[in-house]
Each structure stands twice: as structure tokens, then as C-alpha cells.
Amino acid sequence: MAFTPDARPDLPSQYSPAEVEGALYDTWVQRGYFTADPRSEKPPFSLVIPPPNVTGNLHLGHALEQSMMDALTRRARMRGFDALWLPGMDHASIAVQNLVERHLAETEGKGRFDYSREEFVQKAWEWKERFGGQILGQMRRLGDSVDWTRERFTMDAGLSRAVQTIFKQLYDDDLIYRAERIINWCPRDLTALSDIEVDHAEESGELISIRYGDGGNSIVVATTRAETMLGDTAVAVHPEDERYRHLVGRTVALPLTNREIPIVADGHVDPSFGTGAVKVTPAHDPNDFEIGRRHDLPMLTIMDERGAITAPGPFAGLDRLEARYSIVAALREEGRIVAEKRPYVHSVGHCSRCDTVVEPRLSLQWWVRVERLAKAAGDAVRDGRVRIEPASLAPRYFAWVDGLRDWCISRQLWWGHRIPVWYSPDGDDVCFGPDEQPPAGWTQDEDVLDTWFSSALWPFSTLGWPEDTDDLRRYYPTSVLVTGYDILFFWVVRMMMFGLYAMHDGGPEGEVPFRTVLLHGLVRDSSGKKMSKSRGNVIDPLVWIDEYGADAVRFSLLQGANPGADQAVNEEWVVGARNFCTKLWNATRFAMINGATVEGELPAEVDGADAWILSRLNTVLAELDEFYERFEFAKAADLLYHFAWDEVCDWYLELAKIALAGPRAATTRRVLGEVLDTLLRLLHPMIPFVTERLWTALTGGESVVIAPWPAVHPARDDPAATAAIVAVQAVVGEVRRFRSDQGLKPAQRVPARVTGAGTGEAAVRWLLRLDEPGEAFAATAALTTAGGVTVELDLSGTIDVAAERARLAKDLSAAQKERETNAAKLANEAFTAKAPEAVIAKVRDRLAAAEADIERVQTALGALASA
RNA sequence: GGGCGCUUAGCUCAGUGGAAGAGCACUCGGUUUACACCCGAGCGGUCACUGGUUCGAACCCAGUAGCGCCCACCA
């Protein structure tokens with residue numbers, strides 16, 4: 001079978017991603033492909049990037065998230081939407097402040113308070129300029145089709161204006177207030193933290209039982225935090241606890257101090273825990289704070305903001321931990337320690353940023369009153385205005401919004417949005433909007449806002465809010481939000497609350513920030529462990545991009561992206577994805593060498609492999625669209641991988657080699673062009689670079705970025721052609737297996753008679769290296785398949801009778817087992833009475849097939865015996 | 001303490017009522033003119049365990065064991 005190359009490919013023989021990716025990306029941006037146009041006739045499709053923190057580098061989780069978003073955006077663009085993917089970064093208040101502090105300590109040997117606030121903030125801006133650029137560069141390397149003309153930063157002028165505006169609205173609506181409560185305090189970062197910025201970990205500590213008071217007036221309390229006893233202002237017992245009823249209302253002497261504290265009855269106390277009596281430290285424990293409020297107890301702060309004891313006496317100045325040991329020792333000396341349980345495992349809160357043990361602390365802070373906002377956020381999902389994908393994660397969302405407590409939004413930090421409240425010299429406080437000027441002599445609140453406060457505005461602040469802009473009208477609500485399930489509480493809930501509050505659409509309730517929330521899982525290492533610096537298993541996506549190309553990294557991540565599920569990654573998968581790109585490269589080269597074209601209409605008369613592959617294209621496209629609608633990236637990637645490799649490359653291109661040498665070569669060239677053109681478009685959202693390079697070379701078109709998404713052509717469905725190819729595949733598979741079992745070298749040509757293959761005979765002969773039967777032809781083996789194709793081979797003198805007999809015996813026993821299984825089912829009256837007709841028919845077919853198989857194998861065994 | 005999820009081939013994972021799947025790894029064969037980053041052929045699983053429902057269970061129900069995650073004011 002000979003064919004003559006009639007065209008030189010415009011493609012080198014090897015693909016080098018590094019050489020083309022950067023240039024392609026720059027061209028896309030220059031040509032404005034990624035720039036959305038609010039005046040466009042096209043329907044809008046929009047999404048905002050979860051703004052990466054300006055803390056340094058992107059990790060594989062970002063790469064996964066952005067690969068998903070880019071695939072969605074690029075596909076929408078190809079489908080004719082005016083697609084906007086809005087990029088940007090988050091100032092990450094506490095995280096960046098910590099990094100800048102560490103950086104300054106290392107480089108200049110100074111602490112935060114060695115700088116003025118202005119100097120420090122300036123240093124943080126320098127940090128942002130330096131590392132923010134790095135992140136944007138990584139996004140370019142990955143190929144993100146973001147609209148750079150709309151890039152935003154949470155601390156830029158427009159977003160700062162949005163922050164101040166909504167703060168004032170909430171303040172005026174009495175949804176922001178200032179109050180003294182117990183908050184989570186980080187003694188290292190010297191700031192308040194919200195509940196979700198505290199990580200709890202089981203730790204082994206000690207449970208110390210201490211006798212308060214003496215004689216008949218004594219009571220034993222148990223504590224893990226003996227040092228806080230200096231701030232005790234009561235002992236609480238359960239109101240119905242008979243053991244202590246007589247003590248309620250009396251006082252006991254607090255050891256190591258000369259204070260008398262009351263014994264109160266409170267329902268919060270669990271009589272079955274410990275001694276059933278609990279010490280009450282209202283200023284240093286959230287529970288005790290509540291008890292204190294109910295019983296009007298004094299709130300005694302005994303520690304400073306760094307966790308050192310301030311209560312006067314021998315312990316003053318000691319750190320909380322030192323104080324604990326000293327106080328226990330002192331109590332022991334006084335004989336007040338009744339019991340010590342060590343180790344005692346309990347949960348301890350840590351600062352999620354610096355891991356310091358958090359100190360509950362009575363403090364004056366700003367709060368968002370969340371009840372009404374959280375209700376609206378919950379209802380929007382409950383009534384279907386927002387869809388959470390996968391739906392199995394919705395309960396987590398509800399559990400959160402339905403139990404949300406007021407949100408502490410003030411932070412004692414410098415890097416962030418300063419709280420827009422000013423104090424008069426008399427101490428009055430007034431909130432000012434962005435266009436208002438506080439009177440001279442007033443001073444602004446020192447605190448900044450929780451970084452999630454500005455993040456919560458991201459879907460509309462980035463589009464111009466509070467101004468009534470074209471972008472805002474057109475792109476809000478955004479189409480979909482893609483983020484990790486671990487960010488559901490931090491970010492998604494808050495965007496819902498603020499979006500519904502701020503984005504009024506004439507109705508009583510605002511418009512949702514997005515239609516769908518798509519939650520992805522975490523990227524883990526190859527053995528399923530979480531990536532972390534301390535484990536040393538963090539992988540920099542750039543390293544893999546350098547080695548295998550951005551497409552390979554993207555595709556391997558998407559291959560593992562099952563909705564809501566974590567995924568383990570390892571380098572071998574990236575290698576596999578790289579190999580896939582190479583495969584596409586070579587397939588396209590092959591097509592071009594052989595004159596594949598996209599010029600002109602497809603011929604009306606198409607048959608054989610050409611008809612089959614066009615028919616398959618329809619099916620694949622329909623399945624692919626279905627997977628995309630359900631955000632099944634892994635399945636979409638798998639579908640295209642197998643279609644491209646197994647069907648297009650392994651079968652269609654091989655079969656095309658025959659057609660290209662025959663009278664229908666022109667048709668096949670056109671179909672080859674059509675198939676690769678379509679395949680490359682379908683793959684482009686996932687692997688943009690290699691598809692762009694190949695598609696432009698193949699078609700001469702401007703760019704696949706702006707090429708239309710392929711359509712299903714019902715007229716190309718061809719069940720007959722499909723059945724014919726399936727029959728060829730079946731017999732080819734069977735004979736290949738036979739040849740392999742017989743130890744025939746692949747190149748060994750064998751005389752054979754082929755019957756029942758129709759026009760597929762040439763293909764069967766080509767693929768199996770079969771010669772025409774000569775005059776001395778004597779069939780020594782016959783293979784028939786379900787498609788009705790028979791191949792008789794002449795292996796005179798070379799056949800390994802024993803090997804083939806063993807093989808056939810194995811087939812026979814499998815077929816017999818199959819026959820028995822299905823016959824038994826049909827003999828079962830319960831089955832035939834209750835099973836659906838389709839299932840029964842299937843079993844009948846299988847029985848018939850098994851019987852045919854048995855006959856075929858027995859015939860073959862007979863032929864073998866006479867050979 | 002409460003809630004949720006997982007357990008399928010050596011590894012990482014699909015499959016949620018009608019014949020056990022993929023990728024990688026492994027074995028054998030290959031200088032077939034797009035591709036060895038390749039081609040062809042294979043090996044490999046009582047679907048954690050025990051019971052139940054059903055004509056039929058990897059899939060539904062109950063329980064057991066192991067692993068993981070989330071929430072929580074475990075003094």
C-alpha cells in the first residue's frame with residue numbers, strides 16, 4: 001500500500017511547548033481576544049477569578065481552579081458568548097502583613113513597630129508590586145484567557161470606594177455596630193480574628209482540680225487554664241445540682257488572691273462534667289462571658305495583649321504559660337490541688353496565620369449583624385436562585401448560614417481597608433462615605449477591615465459598583481463561581497450576603513452574585529496527602545510547565561477534576577498528558593502531509609471509515625456538551641482523550657492510509673481535515689496552546705480562540721457505516737490476538753481468505769498484513785467474529801497447535817459459562833416475569849451469542865485437529 | 001460531642017439496580033514509511049466485612065471495622 005506525500009507540513013517534526021506558548025499568549029492578548037465588549041450583540045457569560053493572595057506564588061490548586069475557569073470561558077467564547085473572565089488579586093490583609101513583617105525582620109532586622117504606620121503600609125505596597133507581578137506572570141504561563149483590561153486589586157481606588165460605600169450603608173442600616181465582646185485574639189499578631197481564622201487542634205494539656213474556699217464553704221472546680229483563675233469572678237453550678245444547692249448565693253475565697261467570689265447557678269453548667277462546678281472568668285472565656293452577662297458579674301481582664309499577666313501580685317509580667325505552671329505550683333503549695341489529670345487531651349485554638357495559641361479576650365470591636373443577611377443568603381440557595389455544584393455540598397452551606405454568628409470585621413493591623421469611622425474630640429463616632437469629608441480635628445478609627453470584607457464585594461465591586469456601569473448591568477450576576485469547597489465559608493457565603501444586600505434590582509431583595517457555585521476539591525500529592533510546606537511535598541506548577549508545557553499541566557489536572565472531590569497528582573500523569581499533546585501533534589502532521597483540507601463543503605457521498613468517523617464526531621460532541629453542562633471535567637477530558645487516541649489515531653488514521661491511496665482520496669482528505677479541525681476545537685478550551693498551533697497550521701484560520709464551537713450534524717449519523725467499522729475492529733482484534741498467541745512477528749505476512757467484510761476487506765488485509773490466497777492456499781485456521789467477518793489463514797507448517805488449542809479451550813469454557821449463566825436466567829420464572837423486557841431481550845441476545853461462539857470455537861478446534 | 005464522606009486492579013480514581021472499567025505501573029512481541037513521548041497483544045479485582053431487601057446488589061437498607069473531612073463555647 002503506497003501513498004505519496006503531496007504536501008510538506010508547516011510543522012516541525014517535534015513539538016516544543018516552551019518555544020511557542022509565550023508568543024501565542026502575547027498574540028492573543030494583543031489581538032484583544034480576551035477583552036469583553038458590553039456593547040456586543042452576543043449574550044454575556046461572565047465569571048470573576050477568586051483573587052489569589054498577593055503572598056507569593058501560585059500553587060497547583062490555583063492551576064486546577066484556573067484550568068477549569070479557562071476551559072469554561074474559552075468554550076463559552078467559542079459558543080458565541082461575550083465572555084468575560086475578570087482577573088485580579090486580593091491584598092490578603094493579615095497574611096501579607098505577616099509576610100512583610102517576616103521579610104523586614106530578615107532583611108532589616110526590625111519589627112513592625114519600628115516603623116510608622118505609613119512606612120509599613122508603603123513596604124506592603126512594595127511587596128504587592130513585587131509578588132503580584134509574579135502571580136500575573138504565572139497566569140499568563142498557564143494560558144488564562146482573562147480580560148487584562150479589567151484587572152482589579154482589592155485595595156485599588158475603585159474597590160476601596162466600594163468598601164467604604166457598603167460599610168456606610170450597613171452602618172446606617174444598623175447592620176454594622178461596635179461592641180465589647182469576647183473575641184479570638186492572636187497575642188503574636190496583636191489582632192482580633194474571626195471564628196474561621198482560628199484552627200482547632202487536639203492537644204494534650206492538663207486538667208487541674210482546685211479547691212476554692214475552705215471547710216463547709218469549699219467547692220472544687222476543674223480547669224485546663226489555671227492561670228485564668230486570677231480573673232475569676234464567680235463559680236457556677238447547675239441550678240438543679242443537689243450537691244451544691246446550699247452553696248448557691250454564698251461566696252468562696254478565691255485562692256492566691258484576697259477576693260471573695262459568688263457561687264451562681266447557671267444552666268450552661270454540665271453537672272456530669274468534672275465536679276459539676278466551673279470557675280467563671282468572664283473576660284477570658286466565651287462561655288464565662290455569657291455566664292457573666294447573665295449574672296451581671298464583673299469582667300476582670302488579667303492579661304495584656306501579648307498574653308502576659310497584668311493582675312497585680314507575684315505573677316504579674318509572666319507569660320500565660322509560665323503563669324500556668326507558677327500558679328499550679330503555688331496552689332499545690334497551699335494544698336489546693338485536689339486532682340491532676342495529665343495528659344488531658346482537649347481542643348486548642350490556633351491562629352490560622354501564625355499558629356500561635358489564640359487567647360479569648362474581652363475587646364471592643366466592629367461587627368456585622370448577620371442574621372438578616374445570612375437568611376437571605378440561605379434562601380437564595382434554598383429557592384434555587386443559586387445552584388451549588390456538586391449538590392452534595394449544599395448541606396454544608398446551609399449548616400453554616402443557618403448557624404452564623406455575628407462577624408467580627410475589625411483587625412488591629414495596618415495593611416488593609418481602614419475602617420471609615422471618625423471620632424470627634426468629644427468621642428462621638430460618625431461613619432463617613434467616600435465623598436464625605438470628616439471635620440478637621442477628628443481622628444479615624446485605627447483598625448482595618450477583615451480581608452474577607454472586601455472579598456465579599458468582589459463580584460460587583462470589580463464591575464464598577466457603586467457606580468451604575470455598563471459592565472455591572474451586563475455582567476452581574478456572574479454566570480458561575482469556581483472555587484474550592486474549603487472557601488465556601490470564608491468567601492462564598494459572604495459574597496452571597498453582600499451581593500444580595502447591595503445589588504438591588506428594584507425588588508426588596510438584591511440580585512444574587514452568581515447563578516452557580518462550582519466547588520472543586522483540593523490538589524494533593526501522589527499518595528493523597530495534603531500539600532504543605534512543612535511536609536515538603538509542595539509542587540510548583542511552573543516547574544512542570546517548563547518541562548512539559550502548560551497544556552500538559554492543565555490537561556492532567558482536568559483529567560482528575562471530579563466535582564467536589566480531592567485529587568492526587570503526580571508527575572507521571574503530566575507526562576501522559578504531554579504524550580497526548582505530542583500524539584495530537586503527530587496526527588495533525590500526518591493529516592497535513594497527506595493533504596488534509598478544510599476547503600469546501602464536505603462531499604455528500606461519504607462512506608467507509610470516513611462516514612464512521614463523522615458519525616462518531618456527532619456522538620462525541622453531544623456527550624462532551626453534556627459533560628460540560630454538568631461541570632464533569634474529568635469525564636470530558638477522558639472522552640476526548642480516548643476519542644482522539646483510540647478512535648481517530650488508532651483506527652481512523654490507519655484506515656485513511658488505505659483510502660488515501662484509492663479513488664476516494666479527495667473525500668478522505670476533506671474528512672481528515674474536518675475531523676482534526678473539529679477535534680482541535682473541542683480540545684482547545686482544555687489545551688489552548690497546542691491546539692492553536694495545530695489548528696492555524698491545518699486550517700490557515702486566524703485563531704481557534706475565536707473559532708466557533710462545532711455543531712452536531714444529524715445528517716452525518718451513519719449507523720450502517722458504524723456497524724461495518726465495528727465489525728472490522730472486531731475481526732482485526734481477534735486475528736491480532738491470534739497472531740500474537742501464535743508468536744507471529746508483526747511484519748510476517750500471511751496468506752488469507754477474508755469473507756463477509758464487504759468493502760472493509762482492504763482495511764482488514766492492510767491492518768493484518770494479509771496476502772491474497774495463492775494457488776496452494778490451505779486454510780489451517782479460521783476466525784469469525786460477531787460482525788460476521790471470517791478470516792481464514794494459511795499457516796501451514798508454522799501453527800503452534802498446542803498454543804492455539806489451549807487458547808480455544810479457554811474461549812470455549814468462557815462461552816459455555818456464559819451460555820449457562822444466561823440460560824439459567826431465562827429458566828428462572830421470577831426473572832422472566834419481573835425483569836423489564838429490554839433486560840430479558842439482552843439476556844436472550846447474550847445466550848444466542850454464546851451459542852454462536854461455542855459453535856465457532858468448536859469449528860476452529862476441528863480445523864486445528866485436521867491441520 | 002454533632003454531622004458528612006470514603007473503602008473497587010500494584011498506585012491514583014471512574015462506575016450508584018441488570019455482562020467489573022480507565023490512566024499509570026507490570027509481562028510479551030515489534031526498526032509497519034505521523035508518532036518508541038510510539039504500535040500490537042496480555043496479566044491483574046470474592047468491588048472492606050457481616051447480615052438483609054430484590055428475579056437480580058459494587059450500587060439500596062442495617063450493622064461492624066478502618067481511613068478522612070467539616071462543625072462545636074469537651075470547663
Side-chain angles (χ1 to χ4, degrees), chain A residues 1-3 5 9 11 13-15 182 195 200 202 207 221-225 228 236 268-270 273-275 277-281 285-291 344-347 360 392-393 395-396 399-400 403 485-486 488-489 522 524 526-528 548 552 556 559-560 562 564-570 572-573 575-594 632 634-635 638 641-642 649-650 653-654 657 733 736-741 743-747 766-767 769 818 821-822 825 828-836 838-840 842-843 846:
Chain A
M1 192 74 51
F3 57 91
L11 294 170
S13 62
Q14 269 224 294
Y15 178 47
I182 290 274
D195 292 342
H200 293 271
E202 298 266 292
L207 184 67
V221 299
T223 182
T224 54
R225 303 206 51 204
T228 63
H268 166 78
V269 179
D270 175 3
F273 185 94
T275 59
V278 56
K279 60 192 273 310
V280 180
T281 322
D285 181 280
N287 285 322
D288 296 2
F289 176 74
E290 294 302 326
I291 295 175
Y344 179 77
V345 176
H346 63 131
S347 174
S392 59
L393 287 169
R396 273 199 199 186
W400 183 257
Y485 64 72
D486 54 328
L488 192 61
F489 310 138
L522 272 40
R524 297 169 176 276
S526 55
S527 53
Y548 305 107
S556 65
Q559 277 181 300
N562 291 115
D566 290 352
Q567 61 174 298
V569 293
N570 75 52
E572 281 160 7
W573 298 4
V575 170
R578 187 274 316 264
N579 294 351
F580 179 56
C581 294
T582 305
K583 189 73 179 171
L584 294 171
W585 181 269
N586 287 312
T588 307
R589 271 185 73 237
F590 167 82
M592 290 176 64
I593 288 169
N594 287 285
E632 297 264 21
K635 289 190 174 68
D638 189 61
Y641 179 91
H642 287 288
C649 292
D650 286 351
L653 295 188
E654 291 307 315
K657 288 175 182 173
R736 277 176 174 164
R737 187 233 87 217
F738 175 82
R739 291 185 56 131
S740 181
D741 285 353
L744 292 177
K745 298 290 179 194
W766 157 260
L767 293 170
R769 281 155 231 292
E818 177 78 359
T821 308
N822 289 289
K825 277 191 183 177
N828 181 348
E829 280 177 32
F831 173 74
T832 51
K834 294 185 181 175
V839 173
I840 296 172
K842 215 168 166 184
V843 172
R846 289 185 55 201

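The chains referred to below are lettered A, B, ... by the order of the sequence lines, with proteins before strands, and numbering in each begins at 1.
- OP1 and OP2 of B:rA22 both lie 4.0 Å or more from every side-chain N or O belonging to A:K635.
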Polar atom pairs (N or O), protein with nucleotides 41-46 of chain B, under 3.5 Å:
unit_1, atom_1, unit_2, atom_2, d
B:rA41, O2', A:S740, OG, 3.1
B:rC43, OP1, A:K810, NZ, 3.2

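- B:rA34 and B:rG42 have their C1' atoms separated by 26 Å, given to the nearest Å.
- With sequence neighbours left out, A:S347 forms a side chain to side chain contact (heavy atoms under 4.5 Å, CB included) with A:H200, A:E202.
- Atom CG of A:N579 and atom C1' of B:rC24 are 11 Å apart (whole Å).
- For A:Y15 and B:rC38, the OH to C1' distance is 19 Å, given to the nearest whole Å.
- In terms of phosphate contacts, A:K745 brings a side-chain nitrogen or oxygen within less than 4.0 Å of OP1 or OP2 of B:rG30.
- Rounded to whole Å, the distance from CZ on A:R739 to P on B:rC28 is 21 Å.
- In this structure a side-chain-to-backbone donor-acceptor pair under 3.5 Å is missing from A:S740 to A:R736.
- By the 4.5 Å heavy-atom criterion applied to side chains, A:F831 and A:V839 are counted as neighbours.
- A:P746 comes within contact range of at least one nucleobase, with a heavy-atom separation under 4.0 Å.
- Per the geometry, CD belonging to A:E829 stands 18 Å off P belonging to B:rU54, to the nearest Å.
- Pairing for B:rG45 is absent, with no Watson-Crick or G-U wobble pair whose two atom distances lie under 3.5 Å.
- Comparing B:rA14 with B:rA48, their P atoms are spaced 14 Å from each other, to the whole Å.
- A:P360 and A:R225 get closest at one heavy-atom pair: CD-NH1, 3.9 Å.
- Contacts of A:C649 with the nucleic acid, taken as non-hydrogen atoms under 4.0 Å apart, include base atoms.
- Shown here are the side chain to side chain contact (heavy atoms under 4.5 Å, CB included) partners of A:T224, two or more places apart in sequence or in another chain: A:L207, A:Y344, A:H346.
- Closest-nucleotide positions on RNA chain B for A:T832 and A:A222 were compared, and the one nearer the 5' end corresponds to A:T832.
- With sequence neighbours excluded, no residue forms a salt bridge (Lys or Arg N to Asp or Glu O under 4.0 Å) with A:D638.
- Using a 4.0 Å heavy-atom cutoff across all strands shown, A:A399 reaches no nucleic acid atom at all.
- With sequence neighbours left out, the side chain to side chain donor-acceptor pair (under 3.5 Å) criterion links A:Y641 to no other residue.
- Nearest to the side-chain atoms of A:D270 among the listed nucleotides B:rA75, B:rC24, B:rA72 stands B:rA75.
- On the C1' atoms, B:rC49 is 11 Å away from B:rU7, given to the nearest whole Å.
- Shown here, B:rC60 forms a base pair with B:rG52; the pair counts as Watson-Crick or G-U wobble because both key distances fall under 3.5 Å.
- Nucleic acid contact class of A:H268 (heavy atoms, under 4.0 Å, all strands): base.
- Remark: P of B:rC38 and CZ of A:F590 are 18 Å apart, rounded to the nearest angstrom.
- Taking only side-chain atoms of A:T224, from C-beta outward, the nucleotide of B:rA75, B:rG18, B:rA34 with the closest atom is B:rA75.
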In 5'-to-3' order, the base (B), backbone-only (S) or no-contact (-) status of each nucleotide in nucleotides 1-13 of chain B, using a 4.0 angstrom heavy-atom cut-off, is -----------BS

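- For B:rA19, there is no paired base (Watson-Crick or G-U wobble, both distances below 3.5 Å).
- Nearest to the side chain of A:A835, among B:rG18, B:rC74, B:rG23, sits B:rG18.
- A donor-acceptor contact under 3.5 Å is not formed by the side chain of A:Q559 with the base of B:rA22.
- Looking at heavy-atom distances under 4.0 Å, A:Y548 makes no contact with the nucleic acid at all.
- Using atom P as the reference point in both B:rU31 and B:rG10, the two lie 32 Å apart (nearest Å).
- Using a 4.0 Å heavy-atom criterion, one finds that A:P395 contacts no nucleic acid atom at all.
- Take A:F489 and apply the ring pair (Phe, Tyr, Trp, His ring centres under 6.0 Å) test, not counting sequence neighbours, and it matches A:W400.
- Nucleotide B:rG1 is matched to B:rC71 when pairs are restricted to Watson-Crick or G-U wobble geometry with both distances under 3.5 angstrom.
- Residue-level contact check: A:V269 touches the bases, meaning some heavy atom is under 4.0 Å from a base atom.
- Residue A:N822 is out of contact with every strand shown, counting any heavy-atom pair closer than 4.0 Å.
- Contact annotation for A:I182: no contact, since no heavy-atom pair falls under 4.0 Å across all strands.
- When the P atom of B:rA22 is taken as reference, atom NE2 of A:H642 falls 8 Å away, rounded to whole Å.
- Looking at residues two or more places apart in sequence or on another chain, you find a ring pair (Phe, Tyr, Trp, His ring centres under 6.0 Å) between A:Y15 and A:W585.
- Going from atom CD1 of A:I840 over to atom CG of A:N822 covers 12.5 Å, rounded to the nearest 0.5 Å.
- Between B:rA75, B:rG23, B:rA34, one nucleotide has an atom nearer to the side chain of A:V278 than all others, and that is B:rA75.
- Comparing B:rA57 with B:rG5, their P atoms are spaced 24 Å from each other, to the whole Å.
- Spacing between B:rG21 and B:rG15 at atom C1', rounded to whole Å, works out to 7 Å.
- Pairing for B:rA14 is absent, judged as Watson-Crick or G-U wobble with the two contacts each under 3.5 Å.
- Atom OG1 of A:T582 sits about 7.5 Å away from atom CD of A:Q14, to the nearest 0.5 Å.
- At the heavy-atom level, A:S347 lies under 4.0 Å from base atoms of the strands shown.
- Side-chain proximity of A:F489 to B:rC70, B:rC39, B:rA75: nearest is B:rC70.
- The listed nucleotides are B:rA34, B:rA75, B:rC37; the one nearest the side chain of A:R578 is B:rC37.
- Rounded to whole Å, the separation between the P atoms of B:rC74 and B:rC6 comes to 28 Å.
- Looking at A:N562, its side chain never comes within 3.5 Å of a backbone N or O of A:A565 through a donor-acceptor pair.
- Base-pair partner of B:rA9: not found among the strands shown (Watson-Crick or G-U wobble, both distances under 3.5 Å).
- As judged by a 4.0 angstrom heavy-atom cut-off over every strand, A:E632 is placed among residues making no nucleic acid contact.
- Note: CG (A:N586) to C1' (B:rC35) measures 4 Å, nearest angstrom.
- Applying the Watson-Crick and G-U wobble criteria (two distances, each under 3.5 Å), B:rC38 pairs with B:rG30.
- Between the side chain of A:R739 and the main chain of A:K745, a donor-acceptor pair closer than 3.5 Å is present.
- The NZ-C1' distance, from A:K825 to B:rG17, rounds to 12 Å in whole Å.
- Residues that satisfy the side chain to side chain donor-acceptor pair (under 3.5 Å) test with A:N586, not counting sequence neighbours, are absent from this structure.
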